[in-house]
Amino acid sequence: MARLKSIYRCQECGYSDPKGMGQCPSCSAWNTMVEEVVEASPAKAVRRTLAEGASSAVAAVSALAEVRDETEVRTPTGIAELDRLLGGGVVPGQVSLVAGPPGIGKSTLMLQAAAALAAPGRKILYVSGEESPLQVSSRAKRIGAAAQSLYLMAETDLSKILRAMDEHKPWGVVIDSIQTLSHPDLASTPGSVGQVRECAMEIVRTAKSSGAAAFVLGHVTKDGTLAGPRVLEHVVDSVFYFDAERHELLRVLRAVKNRFGPTDEAGIFEMTERGLREVPNPSAFFMADSKDAGPRPGRAVSITMEGSRPVLVEVQALAVPTRYPLPRRTATGIDLNRVLVLLAALEKHLKLRLDSRDVYVSLAGGLRVKDPALDLAVCLAVASSLREAPLPEDAVFLGEVSLLGGVGRVPQTENRLREAAKAGFSRAVLSARAARDVSRLPGLAVSGAAGLAEAAGLFFQDIKEPLS
Ligand code: TYD
Ligand code: MG
């Protein structure tokens, strides 16, 4: 076994020093010296191996054709929304980073996944460096996560964790969280860049050699980065970010990197009293409150994409006479700047008088969306509120609105329309070109509009006449 020591290396110029310091003596950069583990005398170590000529030193070479495709052996976690992200299930030796802000539900989700994986008797080791065994077990009781082969370890010392993995040979391990671990050969504090990276590399090494699947949890700081400049992302196989939609209820897990699965997927969960519940049909979730309410001015339905899944969204607009010298505009769940541009387009191309109105735009159900496909729905919802004329309840609106008042095509039109048809909508308004190209769906009539004026003209009479 080679002797190890720790050094500090500048992340800018590569200069190394046995001592940690604020400024690199070589390139003068600040806060770039990061601790890492190296062999005490690498040159000697190599010479010794060469001299010994030991067969054990020969690197394994295998025919490419004979390399087993490990992605064929997938084990579903039993949590469908997580499996969707994993591309069907966990691959042996796969190391996944589950990152998110504190309190989002990382520990809850992974405890549920650990219990589900352990249910058929697989040995799963849940390592918690943040909570006591009592805290973890009381949470497990609360969410009904009880499995005979789910083991718990409250530990932050990496060497003890690796030894436990070696001894107990778990099928999978959850590390909660990477920021609490401390590497025995490093002097820096847990959570520092060097600690996080070295600990993660050790876990990856152990997972790869033992075939254990590992989920590593990590907190992201306020500015959205993991402790250290995304140091972990290239070390692990998969990176999932867990974040809340505007309403605290909804949690979305997104794949940022995925060596064994898709990166355009999203898993949607709802935080309940008894842990996270999957939301397999988000459209129904977001539209639930709006059903059976009857036609209302200011409402327009559109379809956005959440990962590869189309989701119906209800745009709500309110245009009321202003009492302020400068009319108010607010947007909830949608980019305010985008709304301002759309209001300007409405004024210019439909001659709507919005300068004397406060305008509020919101997405129902607490969804947060950045998707130009909603433009047309936003515009028509505002016009509908202003005119106090409801749009047909059974219609969806899909299209990007340009500054010149044109309505443009959006990606995945057919996918989106299929979702609308499935939910019982019978009419769709799209860009003229999209309406021509899209294949017909039974029960869904499609109208094309070249521009905003044409689209509005379908529903409001004399739309280009200035209001009083
Ligand atoms: P947690 O999984 O501890 O978050 P993280 O590990 O990402 O920091 O979840 C914390 C929040 O979730 C906490 O505010 C309480 C809430 N929660 C519920 O609402 N229901 C539950 O069943 C559980 C276990 C937690
Ligand atoms: Mg936690």
Side-chain angles (χ1 to χ4, degrees), residues 77-82 85 95-119 124-147 150-158 161 172-182 190-191 195-196 199-200 203 214-228 230 232-233 236 238-256 266-279 285 365-366 368:
T77 60
I79 298 179
E81 289 293 299
L82 183 58
L85 285 170
V95 181
S96 308
L97 172 67
V98 178
I104 199 71
K106 298 179 296 296
S107 302
T108 308
L109 177 67
M110 289 329 297
L111 191 58
Q112 285 178 263
L117 278 168
I124 308 290
L125 180 62
Y126 192 102
V127 183
S128 179
E130 308 207 328
E131 289 151 315
S132 68
L134 191 63
Q135 280 171 309
V136 180
S137 86
S138 72
R139 171 186 289 144
K141 279 202 195 89
R142 179 171 166 188
I143 62 181
L150 177 55
Y151 292 84
L152 193 59
M153 183 182 187
E155 188 54 70
T156 56
D157 182 336
L158 179 72
I161 296 167
V173 54
V174 177
I175 308 286
D176 184 4
S177 66
I178 189 74
Q179 274 102 350
T180 60
L181 298 192
S182 71
Q195 283 279 8
V196 163
C199 289
I203 291 165
F215 288 94
V216 177
L217 311 197
H219 298 297
V220 285
T221 51
K222 281 214 182 70
D223 61 359
T225 48
L226 277 166
R230 305 198 152 228
L232 288 185
E233 292 194 354
V236 298
S238 312
V239 180
F240 304 116
Y241 272 88
F242 209 18
D243 213 344
E245 285 300 335
R246 186 164 51 84
H247 268 223
E248 283 301 288
L249 277 182
L250 272 193
R251 311 285 151 103
V252 180
L253 189 65
R254 290 194 175 82
V256 177
I268 304 182
F269 301 88
E270 181 188 3
M271 186 54 102
T272 72
E273 304 247 296
R274 309 197 64 234
L276 288 155
R277 187 189 306 144
E278 302 170 56
V279 180
F285 186 91
R368 225 172 6 198

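One is the number of the first residue; the rest follow in order along the sequence. One-based numbering, in listed order, for ligands and for the atoms of each.
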Under 4.0 Å from one or more heavy atoms of Thr272, ligand 1 contributes atoms 18 (C), 19 (O), 20 (N), 21 (C), 22 (O)

Counting heavy atoms only, name the option from Lys141, Arg139, Gln112 that's nearest to atom 3 (O) of ligand 1. Arg139

Just distances here: any N/O of Arg251 and N/O of ligand 1 closer than 3.5 Å? no

State the CG-OH distance between Leu150 and Tyr126, to the nearest 0.5 angstrom. 9.5 Å

Show which atoms of ligand 1 fall inside a sub-4.0 Å distance from at least one heavy-atom site of Ser107. 2 (O), 5 (P), 6 (O)

Of the protein N/O/S atoms, how many lie under 2.8 Å from the Mg ion (ligand 2): 1

Could you tell me the separation between the CZ atom of Arg139 and the OG atom of Ser107, rounded to the nearest 0.5 Å? 4.5 Å

Just wondering, do Met153 and Leu125 contact through their side chains at under 4.5 Å, heavy atoms? yes

Test item: protein heavy atom less than 4.0 Å from atom 18 (C) of ligand 1: yes

Pro102 heavy atoms within 4.0 Å reach ligand 1 at atoms 8 (O)

Polar contacts were defined as any N/O atom of the residue lying under 3.5 Å from an N/O atom of the ligand; does this apply to Met271 and ligand 1? no

Of the options Met110, Lys106, Gln112, which is the one that meets Thr108 in a side-chain contact (heavy atoms from CB on, under 4.5 Å)? Gln112

Contact bool for atom 13 (C) of ligand 1 (protein heavy atom, d < 4.0 Å): no

Any side-chain heavy-atom pair of Val174 and Leu111 under 4.5 Å: no

Heavy-atom side-chain proximity of Arg254 to Phe240 below 4.5 angstrom: no

For atom 4 (O) of ligand 1, the protein heavy atom that lies nearest, with its residue and separation: Gly105 N, 3.0 Å

Do Ile143 and ligand 1 have an N or O pair less than 3.5 Å apart? no

Just how far is it from atom OG of Ser132 to atom CG of Leu152, taken to the nearest 0.5 Å? 9.0 Å

Are any of the N/O atoms on Lys106, whether in the backbone or the side chain, positioned under 3.5 angstrom from an N/O atom of ligand 1? yes

Under 4.0 Å from one or more heavy atoms of Arg274, ligand 1 contributes atoms 22 (O)

